[in-house]
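It should be emphasised that the depicted structure is a prediction, and the values quoted were computed from it without experimental measurement.
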Amino acid sequence: MIRHRVHRCLGLLLFGCVVSSFAQSRPDTQGQIDAHLREAHRLLSENKPAAAIPEFRAILALDPANTDALGNLGVLLFFQGQYADALPDLRGALARRQDLWKIQALLGIAELRTGNNAAARGDLETAFPRLEDKAVRVQTGLELVDLDSSMEALDKASAVISVLRGIDPENQEVLYAAYRVHSDLAREAVLSLALVAPGSARMYQVMAHEAARRGDTPAAMRDDREALRRDPRLPGLHFELAELLNTLPPTPDNQAQAASEYRTALADNPFDEKALLRLGAIAEHSGDPATAGQLYARAVALQPDDPEACYDLGRLLLATNQVEKAAKLLEHAAQADPTDAVIHFRLATAYQRLGRTADAEHEIEQYRKYKDLKDKLRETFRELHLDPQKMAVEESEAGHQP
């Protein structure tokens, strides 16, 4: 289960979100209600929420249907941690104004805190898509993810995560929730596959993925080959095996095996652009730039917006003095992936050779900026006990070497 804390700033956003009761109070009590209301809001403005509680209770003693008092009292009790006590007031405000989405979100969280998961889900799901305030909507979504995860409704949790990442893509709580939910989904899928098809080619493919993730390339290759033995036509599997072979030392035998698997992958799927790129890289490293160029060009024709394809062909054109063509491809690659430092480096080289000094200097600045970010990320991965050497191999596979 993923736990989240409701921040007090959320409460400050909710104060004053409700309006005064539509019910008409008697003239002899309206003056008292107004006085209590003014005092309550004065105390809130002075950041004295506990002192404001009696004022709202006094208003409700005079006018039990006062929406402003119900909503604010419910909010105050909620942020005092008195969730059960807050429920009647939050529900009362919502009964009188059904479009109080922030109140409904708090009601759902209070119900969640008091163990009424069914009611909580209904209120959170109703409020979540209608909330306009970013902070409130993100917090409500995280609570909903928490609830769905605890009830093993991982598909629902994943759907909410997708919305949250669109709203606040750099929020660390959202990213952590995404990691947890997607990790749980992956484990659930593996367990289900193990139950329904324990000896299948797909099960061996999953085992290969897990071995590769651990850095055990021999075991991953062994499992992929067993998967191919069980189903030689399994889509994507020849490419996966070729990728593993491509991480081995570049001996003639290893490259020949990798090329064979890439060619088989391409025969199975003529639109496999990545297989074309890998075969192009093998041809280039083998001293056959003409074949490499043809393969890169086919890849670009298949996926003209793929920055890797544009980079590979642009880099080769630059090496063969076709600088203007190279610059156009590299410009497109930089537009498609502006955070790739190596693309900026190559583009700077092209600009220098075209005499575009100012543009070249700009690209060098971009190269240094993103290279520094990449180095910091590498250090973070090292601290997290990930394998920097494996990262370097993966970069080499992509052909992005300055």
With a 4.5 Å heavy-atom cut-off, do Asp146 and Leu142 have their side chains touching? no
For Glu46, I'd like to know if atom CD has over 12 heavy atoms of other residues, nucleotides or ligands within 6.0 Å. yes
salt_bridge(Arg97, Asp99) N-O dist < 4.0 Å: yes
Nearest-0.5 Å distance that lies between atom CD in Glu273 and atom OH in Tyr296: 12.0 Å
If you apply the rule side-chain hydrogen bond (donor to acceptor under 3.5 Å, both in side chains), what do you find for Thr339 with Asp337, and how did you get there? CA-CA 6 Å; Thr339 66; Asp337 186 1; 2.9 Å; yes
Is it true that Glu261 and Arg278 have a side-chain N and a carboxylate O under 4.0 angstrom from each other? no
State plainly whether the residues Arg213 and Glu210 are in salt-bridge range, i.e. N to O under 4.0 Å. yes
Between Ser158 (side chain only) and Leu154 (backbone N and O only), is there a donor and an acceptor less than 3.5 Å apart? no
Backbone N or O of Arg233 within a donor-acceptor pair of the His238 side chain at under 3.5 Å? no
With rounding to the nearest 0.5 Å, note down the distance linking CG in Leu94 to OG1 in Thr67. 10.5 Å
Measuring only between side-chain heavy atoms, which start at C-beta, is Gln255 closer than 4.5 Å to Pro250? yes
For the residue pair Asp306 and Leu277, establish whether any side-chain heavy-atom pair is separated by less than 4.5 Å. yes
Assess, by modelled atom type and distance only, whether the side chains of Glu111 and Tyr83 contain a donor and an acceptor separated by less than 3.5 Å. no
Which word best sums up how the rings of Phe56 and His41 line up, parallel for under 30°, tilted for 30 to 60°, or perpendicular for over 60°? perpendicular
Check whether more than 12 heavy atoms from other residues, nucleotides or ligands sit under 6.0 Å from atom CZ of Arg230, and answer yes or no. yes
Run the side-chain hydrogen bond (donor to acceptor under 3.5 Å, both in side chains) test against Arg225 and tell me which residues pass, sequence neighbours left out. Gln257
Ion pair present between Arg42 and Glu39, side-chain N to carboxylate O less than 4.0 angstrom? yes
With a 4.0 Å cut-off on N to O distance, would you call Asp372 and Arg368 a salt bridge? no
Only residue of Arg121, Arg180, Lys156 satisfying salt bridge (Lys or Arg N to Asp or Glu O under 4.0 Å) with Asp148 is Arg121
List in chain and number order the residues that pass side chain to side chain contact (heavy atoms under 4.5 Å, CB included) with Ala350, two or more places apart in sequence or in another chain; answer none if no residue qualifies. Leu318, Val323, Ala327, Leu330
